[in-house]
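Data block below; observations after.
Residue numbers start at 1 and run along the sequence shown.
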Amino acid sequence: MILQAICTRQTNLKKIIDYRLFSYYMKRPDPCSTLCSKNNTYTLRSSNRSVASDTSVTFPSWFMALSNSTPVAYAQQFVISFHEFTGTPWWATIMLSAVALRLVITLPLTVYQHYNNSKLENLSIEFQPTVVEIQKEVVKAVKLNRWPENKAKRVYNKAVKKYWDELIVKENCHPAKSTIVVWVQLPLWICMSIATRNLTLMLPPSDDAVIRFYELTEGGILWFTNLTAIDPTLSLPLIMCLSNLLIIEIQTQSRNKEPTRNQKIITNIFRGLTIIMMPLSCFLPSGVSLYWTASSIYGLSQNLFLLSPQVRKCFGIPKTPYNNEHPYKYILHKTKSKLKICSLHGCSY
């Protein structure tokens, strides 16, 4: 496969150099041209002397700062190396590299997040009798010492917090540890998105970037054969949006515990961000949309996978009263009930 990929690259290079293809590239930024950079403006100067004008593309300074950053350079080199090592077409390279990173980096962190959350939930349940005892002691102190209400409340909150902090330290399950996935996955997602975007824009300028750009124009599949162009059917943005919404709903419906007010607010914020991302992705190259879609589908599969009691037991995730023995049946039943209620309300109006 590697030899086949090398032969394919040499054949594509000959096609690019071939003079007969100049008329094809005059309809778009010419990948056979020389790229010149000045003040974040990349000018594509055609090597065909009959061309009378130059094509200039100006990028914002913040975009160029991100595009030229070291993390993005590493991410871009990872995608290129993955493509060269596996010999897969570019559409498969983008999808498989997204899945590989999620499997190697975010899956272990997500398992640890579930482990930490389960310990916190069990700890909070065990902590409730202690809270009742502290409350009784404060009530006694108020009667004996005639404390004002403000002082009693302050002493109660301080005692509860002190005991809770001691339990967290003892069990080594600080709530901040449950946010580790966000702090790792979000920068990784941003770097990989910009790296894929760089490939579709021939950035940073080089001869290899021109070759890869040409490969990407023919490296797609199905309806998105050109990964440097916008998805003409907008199917990839739609699939990405639906996958992310399903992830949010599965996480919400899988719990047999009523969410708090803050949890409801956070859930609605994520729903809004997911919907906002869809029109934004409609203006991005198919390569970037494909990466987003592959990452979202993997995220959906991972969430369903980690709901299984057998999988959670295999990973050593503690069992809590809020977990279900049959999570998939529970989600399906809860969703049907919710849809039935919504339909009844709709008929009543």
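Annotation: side chain of Pro309 is not in contact with side chain of Lys319 (no heavy-atom distance under 4.5 Å). The shortest distance between side-chain heavy atoms of Ile168 and Phe127 does not fall below 4.5 Å. Thr217 has its side chain within reach of Tyr214: a pair of non-hydrogen atoms, C-beta onward, lies under 4.5 Å apart. You'll find the side chain of Ser295 stays beyond 4.5 Å of the side chain of Met192, heavy atoms only. A heavy-atom distance below 4.5 Å is not found between the side chains of Trp164 and Val131. Put simply, the side chain of Asn244 does not reach to within 4.5 Å of the side chain of Trp292, judged on heavy atoms. Contact annotation: the side chain of Ile80 approaches that of Leu199 to within less than 4.5 Å [non-hydrogen atoms, C-beta and beyond]. Side-chain contact between Ile125 and Tyr322 is present, with heavy atoms from C-beta onward closer than 4.5 Å.
At least one donor-acceptor pair closer than 3.5 Å links the side chain of Thr293 to the backbone N or O of Leu236. A donor-acceptor pair under 3.5 Å is formed between the side chain of Thr93 and the backbone N or O of Pro89. Panel note: side chain Ser286, backbone Asp231; a donor-acceptor pair is recorded below 3.5 Å. Of the possible donor and acceptor atoms, none in the side chain of Gln251 sits under 3.5 Å from a partner among the backbone N and O of Asn303. For Tyr298 (side chain) and Ala100 (main-chain N/O), no donor-acceptor pair under 3.5 Å exists by modelled atom type. Of the possible donor and acceptor atoms, none in the side chain of Asn117 sits under 3.5 Å from a partner among the backbone N and O of Ser178. At least one donor-acceptor pair under 3.5 Å links the side chain of Gln128 to the backbone N or O of Ser124. Put simply, the side chain of Ser81 never gets that close to the backbone of Phe78: no donor and acceptor are under 3.5 Å apart.
Shortest non-hydrogen contact noted between Arg312 and Ser118 is NH2-OG, 3.3 Å. The two atoms that bring Tyr115 and Pro318 nearest to each other are CD1-CD, 3.4 Å, heavy atoms only. Across all non-hydrogen atoms, the minimal contact from Leu123 to Cys173 is CD2-SG, 3.9 Å. In this structure, Ser67 and Asn198 approach most closely via the heavy-atom pair OG-OD1, 2.7 Å. Residues Pro285 and Arg197 share a closest heavy-atom pair of CD-NH1, 2.7 Å. Nearest heavy atoms, Leu307 versus Pro327: O-CG, 3.2 Å.
If you take CG on Leu227 and CH2 on Trp90, they are separated by 9.5 Å, rounding to the nearest 0.5 Å. Atom CD1 of Ile105 sits about 10.0 Å away from atom CD of Gln185, to the nearest 0.5 Å. For the atom pair OG1 (Thr110) and CG (Leu306), the distance works out to 7.0 Å, reported to the nearest 0.5 Å. Of the inter-residue distances, the one linking Leu109 atom CG with His114 atom NE2 reads 11.5 Å to the nearest 0.5 angstrom. Atom CG of residue Leu201 and atom CD1 of residue Ile194 lie 11.5 Å apart, to the nearest 0.5 angstrom. Distance check: Ile94 CD1 to Thr196 OG1 gives 5.5 Å after rounding to the nearest 0.5 Å.
Side-chain contact annotation: Thr320 with Asn122, donor-acceptor N/O pair under 3.5 Å absent. Side-chain contact annotation: Asn172 with Lys119, donor-acceptor N/O pair under 3.5 Å absent. Checked by atom type, the side-chain pair Ser289/Ser281 shows no donor-acceptor distance below 3.5 Å.
Contacts classified as salt bridge (charged side-chain N to carboxylate O under 4.0 Å, His left out) and involving residues 266-294 (residues at least two apart or in different chains) are given here: Glu249-Arg271.
Taking hydrophobic clusters as Ile, Leu, Val, Met, Phe, Trp and Tyr residues chained together by side-chain heavy-atom distances below 4.5 Å, Met278 does not share a cluster with Trp189. Residues Leu222 and Tyr291 share a hydrophobic cluster, clusters being chains of Ile/Leu/Val/Met/Phe/Trp/Tyr side chains in contact below 4.5 Å. Under the 4.5 Å side-chain heavy-atom criterion for grouping Ile, Leu, Val, Met, Phe, Trp and Tyr, Val184 is connected to Leu186 within one hydrophobic cluster. The cluster map of Ile, Leu, Val, Met, Phe, Trp and Tyr, joined by side-chain heavy atoms under 4.5 Å apart, puts Tyr328 and Ile250 in the same cluster. Linking ILVMFWY side-chain heavy atoms closer than 4.5 Å, directly or via other members, places Phe224 and Leu284 in a single hydrophobic cluster.
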Item to check | From CA spacing to verdict: side-chain contact (heavy atoms from CB on, under 4.5 Å), Lys140, Glu137 | outcome: CA-CA 5 Å; Lys140 290 180 181 178; Glu137 292 296 327; 4.3 Å; yes

Checklist entry - Should Leu167 and Thr130 be marked as a side-chain contact (heavy atoms from CB on, under 4.5 Å) after you check the CA-CA gap, both sets of side-chain angles, and the distance that decides it? => result CA-CA 11 Å; Leu167 284 178; Thr130 306; 5.9 Å; no

Item to check | Leu188/Leu101 under side-chain contact (heavy atoms from CB on, under 4.5 Å): CA gap, chis, key distance, verdict | outcome: CA-CA 9 Å; Leu188 180 65; Leu101 285 176; 4.1 Å; yes

Checklist entry - Given the rule in the side-chain contact (heavy atoms from CB on, under 4.5 Å) test, do Asn116 and Ile180 qualify, once you have shown the distances and angles that lead to the verdict? => result CA-CA 11 Å; Asn116 196 71; Ile180 188 172; over 6 Å; no

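Around atom CH2 of Trp183, no more than 12 heavy atoms belonging to other residues, nucleotides or ligands sit under 6.0 Å away. Around atom OH of Tyr74, no more than 12 heavy atoms belonging to other residues, nucleotides or ligands sit under 6.0 Å away. Other residues, nucleotides and ligands contribute more than 12 heavy atoms inside 6.0 Å of the CG atom of Asn157. Dense packing is recorded around OH of Tyr156, with more than 12 heavy atoms of other residues, nucleotides or ligands lying under 6.0 Å away.
Partners of Asp165 under the side chain to side chain donor-acceptor pair (under 3.5 Å) rule, at least two apart in sequence or in another chain, are Lys161.
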